[in-house]
Amino acid sequence: MRVLLAGGAGYIGAHTAVALLEAGHDVLVVDDLSNSSAEAVARVEQLTGAKIPFLAADARDVDALTAFVRTHAPVDAVIHFAGLKAVGESVAEPVRYYDVNIGTSIAILKLMAAEGIPTIVFSSSATVYGAPETLPLSEESPTGIDLTNPYGKTKRMIEEILKDAAAADPALRAVSLRYFNPVGAHPSGRIGEDPAGVPNNLMPYVARVAVGALDRVGVFGDDYDTPDGTGQRDYIHVLDLAAGHVAALEHAREGYEIYNLGTGTPVTVLELIAAFERAAGKKIPREILPRRAGDVAASYCDPSKAQRELGWTATRTIDEACRDSWNWQSNNPNGYARA
Ligand code: NAD
Ligand code: WQD
């Protein structure tokens with residue numbers, strides 16, 4: 001298949017590009033580089049030996065997308081990673097989040113209809129579940145419970161748009177992948193997560209403490225109803241996640257499907273820090289802070305639908321994720337900018 005990766009220069013997009021190319025597919029990338037670097041695409045080319053057509057453009061620009069796709073026709077599928085993803089920022093700038101996240105999705109669906117592209121795989125998120133009523137979370141679990149931030153609402157709205165589009169067009173194949181907490185990096189140390197500024201997420205924050213760029217990790221609450229009182233999450237290695245996209249593309253059928261992509265195994269904040277200490281061979285200073293607003297105590301999935309229907313299962317451990325994250329961070333202390 002030839003696959004357009006919208007947002008393909010980003011963290012998950014770049015790793016998925018490698019997985020697709022290794023599985024024998026072709027990729028082309030559109031990305032406005034608002035949260036990424038063209039260097040990531042260059043490194044994917046180095047890792048795979050492939051030449052990747054790249055368009056630096058806003059994915060809301062249907063005309064630019066159309067010209068790009070026609071130049072590289074036939075394009076068989078789109079994986080839609082493009083969008084803004086910072087939960088706190090989405091509360092402060094809701095209109096920008098709705099504009100970019102919904103706007104890119106609408107533009108891509110218009111492109112697909114006009115150019116006869118049948119398949120879309122969309123980057124949804126476990127965030128659509130909001131505050132879980134029961135664990136583990138299955139695809140049947142209710143969504144939108146206490147969903148307080150615009151970022152999560154955009155993901156839920158885009159899922160609804162895809163469902164409606166698939167109901168109206170019997171030829172459309174639409175898949176939403178609800179990622180749990182993506183972590184880790186390519187074992188080569190050449191591509192990885194490179195958040196701008198101070199990281200919001202736990203793993204890149206811990207990695208920056210380990211490399212000496214930040215003093216200590218703040219642990220957001222140790223009084224949750226969990227084994228050690230700190231928050232539990234389902235951390236999935238980005239290579240497992242990338243493999244999940246290949247499986248979703250190859251199994252996509254007419255209609256609309258949703259899959260959880262996670263390990264099913266909850267890991268606490270303190271367990272993750274301990275795993276990173278083992279990987280880096282150094283102590284990670286930490287400090288217990290109050291709970292972070294909007295956090296849930298625990299979130300982890302039942303991944304059995306993806307296993308059953310896609311033949312996919314996450315195989316990598318939290319120790320492997322920490323090892324690969326540390327390898328990336330220590331080899332690229334300043335990310336892609338000044339490696
Ligand atoms: P990322 O920011 O690294 O990747 C997103 C990419 O989209 C970036 O390269 C950015 O430059 C690009 N982009 C943003 N707006 C664009 C626009 N208007 N036109 C073209 N490109 C645009 O993030 P990621 O972690 O790789 O996440 C990929 C997708 O997965 C996102 O949709 C995100 O919401 C979703 N997701 C991420 C996580 C996570 O924790 N990383 C979890 C669940 C879901
Ligand atoms: C994990 C755990 C924190 C940072 C977010 C988004 C979600 C999805 C993935 C896109 C929690 C604790 C964190 C720190 C800490 N993204 N923590 N100190 O909140 O589960 O999910 O990213 O879709 O939508 O909400 O991930 O990595 O921020 O937090 O103690 O400095 O680590 O409280 O228990 P989260 P996270």
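Positions are given from 1 along the sequence. Quantities reported herein were computed from a predicted structural model and do not represent experimental measurements. As the structure lists them, so they are numbered: ligands from 1, and atoms in each ligand from 1.
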S.K.: Between Glu257 and His251, is there a side-chain donor-acceptor contact under 3.5 Å, judged purely by atom types and distance?
M.R.: no
S.K.: With heavy-atom distances below 4.0 Å as the criterion, list the atoms of ligand 2 near Val219.
M.R.: 30 (O)
S.K.: Checking a contact table here: which protein heavy atom is nearest atom 28 (O) of ligand 2, and how many Å away?
M.R.: Arg292 NH2, 2.9 Å
S.K.: Verify the distance criterion only: is there a donor paired with an acceptor across the side chains of Gln307 and Ser304 at less than 3.5 Å?
M.R.: no
S.K.: Indicate, with yes or no, if the rings of His245 and Tyr179 have centres closer together than 6.0 Å.
M.R.: yes
S.K.: Would you indicate which of Phe180, Phe220, Tyr235, Tyr129 comes nearest to atom 31 (O) of ligand 2 when only heavy atoms are counted?
M.R.: Phe220
S.K.: Is a salt bridge present between Arg253 and Glu309, judged by a nitrogen-to-oxygen distance below 4.0 Å?
M.R.: no
S.K.: Salt bridge check, Arg43 against Glu39: does any charged N sit closer than 4.0 Å to a carboxylate O?
M.R.: yes
S.K.: Quick one: do Arg316 and Asp324 make a salt bridge, cutoff under 4.0 Å?
M.R.: no
S.K.: Is there a donor-acceptor contact under 3.5 Å linking the side chains of Tyr259 and Glu139?
M.R.: no
S.K.: Just heavy atoms, cut-off under 4.0 Å: does Val269 contact ligand 2 by side chain, backbone, both, or neither?
M.R.: side chain
S.K.: Say whether Glu89 and Tyr97, considering side chains only, have a donor N or O and an acceptor N or O under 3.5 Å apart.
M.R.: yes
S.K.: Suppose we measure from atom 33 (O) of ligand 2 to each protein heavy atom; which comes out shortest, and what is that distance?
M.R.: Asp295 OD2, 2.5 Å
S.K.: For atom 27 (O) of ligand 2, which candidate among Asp234, Leu214, Leu202 holds the nearest heavy atom?
M.R.: Leu202
S.K.: Counting C-beta onward and ignoring hydrogens, is there a side-chain heavy-atom pair between Val3 and Val78 closer than 4.5 Å?
M.R.: no
S.K.: Heavy-atom distances under 4.0 Å are what count here, so tell me which part of Val87 touches ligand 2: side chain, backbone, both or neither.
M.R.: side chain
S.K.: Under 3.5 Å, is there a donor-acceptor pair between the side chain of Asn101 and the main chain of Leu84?
M.R.: yes
S.K.: Could you name the protein residues that come within less than 4.0 Å of ligand 1, counting only heavy atoms, and order them by chain and residue number?
M.R.: Gly7, Ala9, Gly10, Tyr11, Ile12, Asp31, Asp32, Leu33, Ser34, Asn35, Ser36, Ala57, Asp58, Ala59, Phe81, Ala82, Gly83, Lys85, Val100, Thr104, Ser123, Ser124, Ser125, Tyr151, Lys155, Tyr179, Pro182
S.K.: Examine the proximity of ligand 2 to Asn200 and report which part, side chain or backbone, both or neither, has a heavy atom under 4.0 Å away.
M.R.: backbone
S.K.: Between Tyr151 and ligand 2, which residue portion shows a heavy-atom distance shorter than 4.0 Å: side chain, backbone, both, or neither?
M.R.: side chain
S.K.: Is there a polar contact between ligand 2 and Gly218, counting only N or O atoms under 3.5 Å apart?
M.R.: yes
S.K.: Decide, yes or no, whether a salt bridge links Asp295 with Arg292 under the criterion of side-chain N to carboxylate O below 4.0 Å.
M.R.: yes
